[in-house]
Every structure is written in structure tokens, then in C-alpha cells.
Protein chains: 2
Amino acid sequence: MATLEDIAKVAHVSKMTVSRAINHPELVRDELKTSIFSAMHELNYRPNVAAKALVNNKTQVIKFFVLEDIDITEPYYMKLLVGIAEYLAKYQYSLQLMTDEHLDIGVSDGYIITGMRDEDYDWIKRLELPVVLFGENRWHFDFVDTNNEMGTQLATRYALEQGYDRVVFIGIDVKEPFEYSRENGYIQVMQENQRMPEIHRFANHSHLAMDFIEATWSRITPNTCFICASDRLAFGIQKGILQMSPEIATDYGVIGFDGVFLDQVATPQLTTVEQPMYELGEACAELLLRKIKDNHYPLEERLLQPKLKIGGSTRKK
Amino acid sequence: MATLEDIAKVAHVSKMTVSRAINHPELVRDELKTSIFSAMHELNYRPNVAAKALVNNKTQVIKFFVLEDIDITEPYYMKLLVGIAEYLAKYQYSLQLMTDEHLDIGVSDGYIITGMRDEDYDWIKRLELPVVLFGENRWHFDFVDTNNEMGTQLATRYALEQGYDRVVFIGIDVKEPFEYSRENGYIQVMQENQRMPEIHRFANHSHLAMDFIEATWSRITPNTCFICASDRLAFGIQKGILQMSPEIATDYGVIGFDGVFLDQVATPQLTTVEQPMYELGEACAELLLRKIKDNHYPLEERLLQPKLKIGGSTRKK
DNA sequence: AAGATTGCTGTTACCGCTAACAAGATTTAC
DNA sequence: GTAAATCTTGTTAGCGGTAACAGCAATCTT
């Protein structure tokens with residue numbers, strides 16, 4: 001494996017100049033840079049990450065904590081993780097994945113954390129390295145998330161455009177910012193259209209949503225669309241309706257939220273608000289690396305735009 | 001952060017002796033070791049991974065390639081990944097996750113690869129670092145996998161014990177060792193019990209299995225159990241049967257294979273052959289680290305035992 | 001009892017890279 | 001025209017570890 005020294009010999013300069021050509025190119029004559037870069041290319045130079053890390057007192061490692069129960073959330077985080085990992089790899093960072101803060105053995109340059117419960121903010125705020133959270137929060141940590149409000153706005157508007165008479169929101173029964181945002185998006189669009197909001201909330205389990213449909217079926221008029229705060233709930237609503245009447249796509253509508261795996265498993269496939277998981281992962285990584293480089297980087301809350309993915313669970317006008 | 005030098009001062013030895021106490025304890029007097037370890041404890045010593053990596057000409061990075069389309073397989077690999085990552089972290093390795101062999105930028109100490117297609121073995125065999133594959137293969141690479149044969153044996157035996165008259169195998173239409181093993185397990189148990197095997201194969205999509213049920217429903221007698229090569233197919237079979245008759249758990253049986261997410265989404269939950277994904281991940285990592293340490297380590301093919309997870313898609317005797 | 005062997009610890013050099021400083025050449029200032 | 005400022009490159013030292021070797025007692029041979 002070629003080192004700076006090898007490049008230096010071929011380009012007839014000192015290895016310091018090579019190092020500078022990489023890290024502070026503005027300090028090196030263009031002429032030299034040309035021959036240095038061509039030597040690097042010729043010798044297929046790969047920087048030695050360990051040496052760089054040692055001298056910079058960095059680790060080139062990022063820790064990713066998934067604090068939520070992974071059995072339940074499995075599909076959700078895989079693409080996020082890929083986004084994070086591939087972005088990091090580009091900058092020669094690697095990853096340690098942890099599902100429990102207690103087995104935090106080694107050291108790293110920063111943290112990406114997701115699935116926080118209220119009690120977690122306690123130790124998170126004591127961390128001494130840069131942190132980026134995945135998911136809205138009210139504690140003034142940098143975060144990246146889907147624009148949840150916009151997501152339910154898109155969904156609600158679409159439902160109204162398709163001509164559903166009644167548009168009901170099925171929320172998740174948690175006091176989390178993401179849930180408030182999703183409810184807000186729905187409420188706003190309803191009010192803009194002089195419609196009365198109607199919200200029901202359940203723990204995020206499909207069978208609860210299904211039970212709700214079965215229990216209240218007599219009061220659920222045709223031409224109703226359910227805007228759900230998760231695909232899981234949407235899945236349950238859809239199942240409940242199918243159980244009661246096989247005519248879902250025409251008489252009823254269901255819109256989910258997430259667009260991760262479950263929407264495709266449903267029959268018909270769910271119309272859903274798709275979160276750009278891969279891009280969210282990249283954004284987490286990018287923001288974190290920026291904070292590592294510049295430790296006065298101001299607080300940033302980055303919201304990426306979701307997309308409405310039309311499936312068969314809503315009528316086509 | 002304390003260094004070897006700091007420990008050395010406190011313990012009144014040279015830093016070399018401290019290094020030895022860690023890596024070759026048999027060369028250091030017990031007396032010194034005691035005071036060295038207590039100094040390490042006192043100063044909360046953490047080895048500097050970069051320094052170690054530099055001097056050993058290692059990277060402390062493992063690459064994990066997921067070559068399969070991640071959209072389809074998302075849930076499947078998450079727990080495997082957690083198993084790999086947590087095991088690696090214990091030994092101060094970190095991870096780079098790649099979904100495409102071409103964006104292989106940096107360097108690493110070894111590879112874990114999964115989702116290989118036939119054409120991939122070409123470049124895999126040219127890799128110059130230790131490799132462990134996740135998944136049976138016929139090319140004499142070290143691998144870790146579930147004992148697929150045992151999985152379908154468990155399933156088939158269970159189906160027979162529950163008294164199903166007809167036990168049919170629904171396979172995945174690929175020429176892969178894992179599929180042959182699963183079919184073999186089924187065939188063996190059928191023959192042991194003087195039953196005639198009956199196998200149908202489809203691409204691994206639930207709707208194909210569902211269509212199959214609908215198309216051949218007239219010939220599907222009650223008291224039949226379907227042993228499926230994946231939860232995806234089982235999910236489709238179950239849906240098909242539910243469409244035709246709501247009495248699945250009593251008149252028919254469905255057993256899946258994987259036990260990853262999808263089995264829990266089904267209603268009723270699928271009886272399935274559960275792969276120990278977390279442990280498989282750990283095993284991949286362990287085997288790889290062993291091969292990195294000892295490059296004459298002999299070829300190893302490690303099969304972990306699956307478990308039958310009883311759900312509501314089969315009758316209880 | 002002298003030389004050889006063993007057991008344990010310290011010294012040196014180096015892994016590949018970069019910050020800090022040194023130093024020469026060129027330009028600018030007055 | 002000379003001192004100062006600027007630009008560009010090289011030299012040195014050190015990041016935190018470990019292998020290789022050196023050195024010195026204690027023990028073993030014969």
C-alpha cells in the first residue's frame with residue numbers, strides 16, 4: 001500500500017507537501033498539485049486512516065444508537081443505516097452500532113441516536129462529543145427528521161382531492177413531537193377546507209386499529225378516508241375494513257405513514273407518506289461530520305420532505 | 001485519555017511492560033501485573049485503537065456487503081447486522097456497510113458478505129483479505145448459516161405430529177444451496193414417515209403463493225399443511241386460504257421460514273422456523289476475527305440451529 | 001565456579017501522518 | 001535599495017502503540 005512518502009518520491013517533493021496537497025491545497029502551487037495527484041493516481045494511493053486518526057486524536061468511528069426495541073422496528077432502520085454508513089464510508093469513517101447505551105465500550109468521534117425515550121435525554125445531554133438525533137425532539141439537540149407536518153398535509157389534501165366525505169386521523173397514542181406534528185398537518189388542512197377534524201389514538205399496534213374498525217363499524221360511513229400516523233395502524237385499519245367489506249378501494253380510503261416495507265406487504269398496497277430513509281441517513285451523517293469538524297456549528301434542525309406514494313388503498317379519482 | 005505512558009508512570013514501570021502486561025501477560029511478573037492493572041483501572045485506561053491499528057498494519061474495520069436488493073430484504077438483515085456490530089465492537093472493530101461492491105473506497109481487515117448471486121463469486125474469490133459469507137454456498141468459502149435442513153425437518157415433523165393428512169412443500173424457485181437444504185429436510189422427514197413428498201416452487205413473492213392457492217383451490221383438500229421455504233411465501237399461502245375459507249387454523253396449516261418480522265404481521269401469526277439472526281451475526285463476526293488473527297485457520301462451515309416458533313397458523317393438537 | 005540458560009524489564013526505532021516551525025525565494029512597501 | 005511581508009516548501013518532532021533487541025539477575029549445568 002502506497003504511503004505519502006512513496007507519492008512524494010514519484011512527484012519529487014517532500015511528503016509534507018503531499019499531505020498539504022490533500023488537506024490544504026490552497027497552500028500548494030498548482031503545478032506541484034498536478035504532479036502529486038497524478039502520482040497518487042498512478043500508485044493508487046489510499047490514506048492510512050489509522051495514522052491520520054492517531055495524529056489528529058480522532059477515531060474515525062461514529063456510534064449509532066438504536067434505543068428502541070429492535071424487534072418491533074427492524075425494517076424501519078435498515079435503510080437509514082445504509083444511508084448513514086455509505087455517507088460515512090465516503091469520508092473514511094466507520095460505524096459502531098449499539099442497541100444499549102450500557103455496552104458503550106470503545107471511543108468514537110460522535111453519536112447518532114434514534115428511538116429516544118424521555119429518560120434517555122438525561123444521559124444524552126451528558127455526552128461530551130457531537131450528537132445528532134434522528135427524530136424531532138423538544139430538547140434543543142440537533143436533529144434530522146422527515147417533515148412530519150408536511151407529510152400529513154400531503155395525505156390529507158390528497159384524501160380531500162379524491163373526494164372522500166369524511167377524513168379521520170388515526171394517531172399514535174404517545175406524547176412525542178413527531179406525533180404532534182403529524183396531527184397538526186392533518187388539522188391544518190382540515191381547517192383550511194372548513195372540515196371538522198376527527199382524531200382517534202391508539203398504541204402503535206395494527207390489531208388495535210383493526211379492533212377499532214370492527215367495534216365501531218356501524219358508525220363508519222362509506223366514503224371515509226383514514227389518515228394514519230403509521231403504516232402499522234394503516235395496516236390494521238385496512239385489515240379491519242377488508243374484514244367488514246371487501247370494497248375498500250372504492251368505498252373507503254386508508255393512507256399510512258412511513259413507506260417502509262409494511263406498505264408493500266399489505267394487499268392492496270397502502271397509499272402512504274414515504275419517508276426518504278436513505279437520504280435521512282445521509283443527512284444525519286453529514287450533519288454530524290460537519291459538527292465534528294466545526295465545534296461551533298450552530299444548532300440545526302433538518303427536515304426532509306416526504307413524498308406521497310400512491311397505492312391501492314385509496315381510490316383514484 | 002490515559003495512555004500507556006501514564007499507566008507506566010503510576011505503576012513505576014516502562015510503557016513496554018504495560019503493553020506486555022496487556023498482550024503477553026505470561027512475560028510479566030505477577031506482582032507488576034497487579035499494580036499495572038490497578039493503575040489501568042484507576043486511570044480508566046482505554047487503548048488507542050488508531051495507534052494499535054497503525055503499528056499492526058491493520059484497520060480495525062470490517063466491511064459488510066449486502067448484495068441483495070435491500071428494499072426487498074430490509075427486515076431480514078437488521079438483526080444480523082446488530083449481532084455482527086455488537087460482537088465487533090467488543091473487540092474494537094468497527095463496520096462499514098456497503099450495498100454495492102463498486103463503492104468499495106477504503107480499506108479493511110476482512111469482509112462479511114451476504115446476498116451473493118452466482119456472478120458475485122467471481123470477485124469474491126479474488127479478495128485478498130479474510131472473508132466469511134452469510135449463507136450456504138458450494139464454492140468452499142467459510143460460511144455461517146442456519147441449519148436449513150434441520151429447519152424444515154422440524155417444521156415437517158411438527159406438521160405430521162399435528163395430524164395433517166397432506167403436507168406440501170412450497171419452495172423458492174432458485175438454484176441455491178439453502179433452498180436445496182430446505183427441500184431435503186422436508187423430503188427426508190416425509191420419507192421417514194412413508195409419505196409422498198409434494199413440492200411446488202415460486203419466485204419469492206407472496207402474491208404468487210396466493211395466486212397458486214386461488215387457482216388450485218378445488219384440489220386443496222382440508223387438513224393440508226403447507227411447509228414454506230420463506231415467511232413471504234407462507235404469508236401468501238395464508239392470505240390465499242383466508243380468502244377462500246376463514247377457517248385456516250383448524251382446517252389448514254401454514255408454516256413459514258425466517259421468523260423475521262413478517263411472521264408477526266400476519267394474522268394469525270405464522271408458525272415459522274425462526275432463524276437465530278442475532279447469533280448468526282455474532283458467529284459471522286467471531287469466525288472472521290478468528291481468521292484475521294490466524295490466517296491458516298481451516299475452512300469452517302458453521303450451522304446454527306433454528307427453532308420452531310408456534311403461531312396461530314397451525315392447529316394445536 | 002565459570003559459562004550457559006532462563007526470566008524479566010528497559011531502550012530504541014518505527015508504523016503513516018500532520019502541526020509547528022524554519023528557511024529560502026519572491027514580492028511589496030516606502 | 002533595503003527591510004518587511006508573503007508565498008511556498010522542507011525539516012523536525014510527536015501522536016500511542018509494539019517488535020526486536022539489549023541488558024542484567026537469578027538459576028542451571030557440568
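Numbers restart at 1 for each chain; the letters A, B, ... are given by sequence-line order, proteins then strands. Just so it is clear, the model here is predicted, and its values are computed rather than measured.
Distance CE (B/Met16) to C1' (C/dT9): 10 Å, rounded to an integer number of Å. Rounded to whole Å, atom C1' of D/dG16 lies 14 Å from atom CE of B/Met40. The CG atom of B/Asn48 sits 16 Å away from the P atom of C/dC17 (whole-angstrom rounding). Computed from coordinates, the A/Asn57 CG to C/dA19 P distance equals 13 Å when rounded to whole Å. The distance from atom CG of A/Leu32 to atom P of D/dT8 is 10 Å, rounded to the nearest whole Å. The CG atom of B/Leu43 sits 14 Å away from the P atom of D/dG16 (whole-angstrom rounding). The CG atom of B/Leu27 sits 13 Å away from the C1' atom of D/dA20 (whole-angstrom rounding). Between the CD atom of B/Glu26 and the P atom of C/dC8 there is a distance of 10 Å, rounded to whole Å.
With D/dG16, C/dT9, D/dA19 as the choices, the nucleotide that has an atom nearest any side-chain atom of B/Val28 turns out to be C/dT9.
Looking at residues two or more places apart in sequence or on another chain, you find a side chain to side chain contact (heavy atoms under 4.5 Å, CB included) between B/Lys15 and B/Leu4, B/Glu5, B/Ala8. A search for salt bridge (Lys or Arg N to Asp or Glu O under 4.0 Å) contacts involving B/Glu119 returns nothing, not counting sequence neighbours. The side chain to side chain contact (heavy atoms under 4.5 Å, CB included) test applied to A/Pro130 returns A/Leu288, A/Lys291, A/Ile292, not counting sequence neighbours.
Using a cut-off of 4.0 Å between Lys/Arg side-chain N and Asp/Glu carboxylate O, A/Glu286 and A/Arg290 are scored as salt-bridged.
The side chain to side chain donor-acceptor pair (under 3.5 Å) contacts involving residues 35-44 of chain B comprise B/Asn44-B/Arg46, where partners must be two or more places apart or lie in separate chains.
Between the base of D/dG16 and the side chain of B/Arg46 there is no donor-acceptor pair shorter than 3.5 Å.
Ring pair B/Tyr76/B/Phe134 is tilted by interplanar angle, where 30° to 60° counts as tilted. Between A/Tyr121 and A/Trp139, the ring planes lie tilted relative to each other; the angle falls in the 30° to 60° range.
Contacts of residues 3-15 of chain A with DNA chain C (heavy atom under 4.0 Å): A/Thr3, A/Leu4, A/Lys15.
Annotation: the terminal axes of the helix from C/dA1-D/dT30 to C/dC30-D/dG1 meet at 40°, where each axis is the rotation carrying the C1' atoms of four end pairs onto the next four (5 pairs per end, rounded to 10°).
Distances shown here put a side-chain N or O of A/Ser19 below 4.0 Å from the OP1 or OP2 atom of C/dT18.
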Please walk me through it: do A/Phe261 and B/Phe261 pass ring pair (Phe, Tyr, Trp, His ring centres under 6.0 Å)? CA-CA 10 Å; A/Phe261 193 77; B/Phe261 193 76; 5.7 Å; yes
